[in-house]
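The sequence lines fix the lettering, A, B, ..., with proteins before strands; numbering per chain opens at 1.
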Number of protein chains: 2
Amino acid sequence: MQLSNSSQYAIRILAYMTDKKDSPLINATELAETLFIPYKFLTKIMTDLVKVDLVESIRGREGGFKLKKKSSDIMVGDILDVFNDSIKDEQCVLGIGFCNGLCKCALHDQWMEPKLLLQKMFRESSLEDIAGRGCKI
Amino acid sequence: MQLSNSSQYAIRILAYMTDKKDSPLINATELAETLFIPYKFLTKIMTDLVKVDLVESIRGREGGFKLKKKSSDIMVGDILDVFNDSIKDEQCVLGIGFCNGLCKCALHDQWMEPKLLLQKMFRESSLEDIAGRGCKI
DNA sequence: TGTTAATTCTACCTTTAAGTAGTAATTAAA
DNA sequence: TTTAATTACTACTTAAAGGTAGAATTAACA
Ligand code: SF4
Ligand code: SF4
C-alpha cells in the first residue's frame with residue numbers, strides 16, 4: 001500500500017523544480033545531489049518525464065531540465081500515470097476480481113470511500129499545491 | 001497502491017475457510033484448486049498463517065487446516081500484519097520522510113483522511129464480515 | 001574546430017517478491 | 001506395521017523493481 005520509488009522520486013523532483021522555477025534550467029547533478037536520489041536512476045526517471053512531456057530537456061553543455069507546463073497545470077495524478085501507479089476505477093484493495101456489482105464483499109463499499117478520496121487528491125493536487133512552503137520535500 | 005499477492009491470497013483463503021467453518025478440516029489441495037492459488041505457494045502461506053496462530057494445522061493423513069479463532073475475532077488487519085502490508089500511522093503516501101509535524105506538504109492533511117478510513121476498515125472488518133454471502137471471493 | 005559539460009541510449013547488475021521442486025516429518029487408516 | 005495422505009522444511013528458479021556502468025549524442029564556448 002505505497003507508491004513505487006519511481007513515483008515518489010518523480011514527485012520530489014518535480015516539486016523541487018517547481019520551487020526553483022525562476023532558474024531557467026536545472027541539471028541532473030543538482031537534482032540528484034539535492035534530493036539524494038542516485039544519479040543514474042534519476043536520469044532514467046527524467047527521460048521518462050521528458051517522454052510524456054511533463055519536462056523539457058535541453059541537451060549539451062549548459063543544458064538541463066525545466067517544466068514544460070505551468071506547475072499549477074501538472075497534477076500529482078499525471079505523475080503517477082507515468083509509472084503506472086495511479087488508482088484505477090475498477091481497482092480493488094483486495095485485488096481479487098471474482099466479484100462484480102451484483103456480488104461484492106463487505107469491504108467493497110468501505111473501500112469506495114478512501115479510494116475516491118485518494119483519486120480526488122491525486123487528480124486535484126497540482127505541483128504548485130504541494131511544492132515549497134519553506135520545507136524540503 | 002495495492003496489497004501484495006500474499007495478503008490477497010491469505011484474505012481469500014481465510015474468507016473461504018470462514019464460509020466452510022462447518023467442515024472440520026480443509027486441506028491444502030482443496031484450497032489451491034478452489035481458489036486458483038498455486039499449490040506450493042499456498043502451502044507456504046498456510047505455514048505463515050499457522051505460525052501466527054490464525055490457523056491451526058493437523059498434520060498427517062486426514063489432516064488439514066482450520067481457523068484457530070472465531071471468524072468474527074480475526075480482523076483483516078491481523079492478516080495484513082503477517083505480510084507487512086498494513087498501514088503504519090507514520091506512513092506517508094509519498095513515502096518521503098523529510099517532513100514532520102511542523103513542516104508538511106499540502107497532501108499531508110488530505111492523506112490523513114483516506115489513511116484513517118483504510119486503517120479503520122482493516123482494523124474493524126472481521127472475516128465474518130467479508131466472507132461468503134453466496135459470492136465466491 | 002576541438003574540448004567540455006550536459007542529456008540519452010543500451011545493456012547490465014542487484015534485490016525483493018513470487019512461484020516451484022523435492023524431501024522430510026507426521027499420522028490415520030488399511 | 002506398512003502405506004497413503006497430509007503438512008513442514010530447505011533450497012532453488014523466475015519475474016519485476018530498483019539501481020548502475022559506459023558509451024553515444026548534443027551543443028555551448030574557447
Ligand atoms: S467486492 Fe470486495 S473483493 Fe470484490 S472488488 Fe469489491 S472490495 Fe474487492
Ligand atoms: S508532509 Fe507530505 S510528504 Fe510529508 S508525510 Fe505528509 S504527505 Fe508525506
Side-chain angles (χ1 to χ4, degrees), chain A residues 1-14 17 23-68 80 82-86 95-96, chain B residues 1-14 17 23-68 79-80 82-86 94-96:
Chain A
M1 289 298 287
Q2 209 172 330
L3 300 178
S4 69
N5 271 11
S6 298
S7 289
Q8 295 179 18
Y9 286 155
I11 291 171
R12 285 171 56 211
I13 291 164
L14 293 171
M17 291 176 73
S23 13
L25 284 180
I26 306 174
N27 68 38
T29 309
E30 175 181 350
L31 289 171
E33 287 177 355
T34 318
L35 301 172
F36 304 99
I37 300 173
Y39 176 83
K40 283 291 195 177
F41 195 33
L42 177 131
T43 59
K44 186 186 281 188
I45 291 173
M46 293 313 289
T47 308
D48 291 340
L49 294 176
V50 169
K51 280 190 185 133
V52 298
D53 269 347
L54 289 178
V55 166
E56 185 177 353
S57 69
I58 313 292
R59 295 176 65 162
R61 186 166 177 162
E62 312 277 288
F65 301 96
K66 68 178 177 191
L67 295 180
K68 195 151 181 185
L80 302 190
V82 180
F83 305 98
N84 263 307
D85 231 342
S86 51
I96 316 277
Chain B
M1 289 297 287
Q2 211 173 327
L3 300 177
S4 69
N5 271 11
S6 297
S7 288
Q8 294 180 16
Y9 286 155
I11 291 170
R12 287 171 55 211
I13 292 164
L14 293 171
M17 291 176 73
S23 13
L25 283 180
I26 306 173
N27 68 38
T29 308
E30 174 182 350
L31 289 171
E33 286 177 357
T34 319
L35 301 172
F36 304 100
I37 300 172
Y39 177 82
K40 282 293 195 178
F41 195 34
L42 178 130
T43 57
K44 187 185 279 187
I45 290 172
M46 293 314 288
T47 308
D48 291 340
L49 295 175
V50 168
K51 281 191 184 132
V52 298
D53 270 346
L54 289 178
V55 166
E56 186 177 352
S57 70
I58 312 292
R59 297 176 65 163
R61 186 166 179 157
E62 310 277 288
F65 300 97
K66 67 179 177 189
L67 296 180
K68 195 150 182 186
I79 306 168
L80 302 189
V82 180
F83 305 98
N84 263 307
D85 232 342
S86 52
L94 308 181
I96 316 277

The reported gap from CG in B:D48 to OG in B:S6 (rounded to nearest 0.5 angstrom) is 7.5 Å
Which is true for B:T43 with a 4.0 Å heavy-atom rule: it touches a base, it touches only sugar-phosphate, or it touches nothing? nothing
From CZ of A:F65 across to C1' of C:dA6 the rounded distance in Å is 9 Å
query = Checking all strands, does A:S4 fall into the base, sugar-phosphate, or nothing category for heavy-atom contacts under 4.0 angstrom?
reply = sugar-phosphate
Donor/acceptor link under 3.5 angstrom from B:R59 side chain onto base of C:dA25
yes
OP1 or OP2 of D:dG19 versus the side-chain N and O atoms of A:Y9: is any pair under 4.0 Å? yes
**OP:** Please answer whether the main-chain N or O of B:L3 pairs with a side-chain N or O of B:D85 as donor and acceptor at a distance below 3.5 Å.
**Re:** no
Residue-phosphate contact under 4.0 Å: A:S57 side-chain N/O, C:dT8 OP1/OP2 | yes
Practice task
State whether A:Y39 places a side-chain N or O below 4.0 Å from either non-bridging phosphate oxygen (OP1 or OP2) of C:dT7.
Solution key: yes
From CD of B:Q2 across to C1' of C:dA18 the rounded distance in Å is 15 Å
Here the distance between atom C1' of D:dG18 and atom CG of A:L42, to the nearest Å, is 14 Å
Result for 5'-nearest mapping on DNA chain C, choosing between B:F41 and A:V50, is A:V50
Rounded to whole Å, CG of A:L31 lies from P of C:dA6 at a distance of 12 Å
Here the distance between atom P of C:dA5 and atom CZ of A:R61, to the nearest Å, is 6 Å
Problem set entry | Polar pair under 3.5 Å, donor/acceptor by atom type, side chain A:K44, base D:dG19 | yes
note: A:N27, atom CG; C:dA5, atom P; distance rounded to Å ~ 12 Å
From the list A:V55, A:I26, A:L31, side-chain contact (heavy atoms from CB on, under 4.5 Å) with A:I13 holds only for A:L31
dist B:R59:CZ -> B:F65:CZ (nearest 0.5 Å) comes out at 10.0 Å
inquiry  = With a cut-off of less than 4.0 Å, is there a side-chain N or O of B:T47 near OP1 or OP2 of D:dT7?
reply    = no
When rounded to whole Å, the CE to C1' distance for the pair B:M46 and D:dC9 reads 16 Å
To the nearest angstrom, the NZ-P distance between B:K66 and D:dT7 comes to 14 Å
The residue, B:N5 or A:K40, whose nearest nucleotide of DNA chain C is more 5′ is A:K40
Please lay out, stage by stage, how B:M1 and A:L80 fare under the test side-chain contact (heavy atoms from CB on, under 4.5 Å).
CA-CA 10 Å; B:M1 289 297 287; A:L80 302 190; over 6 Å; no
| Under 4.0 angstrom, heavy atoms only, what part of the nucleic acid is B:F83 near: base, sugar-phosphate, or nothing? | nothing
By nearest-nucleotide position on DNA chain D, the 5'-leaning member of A:E62 and B:K51 is B:K51
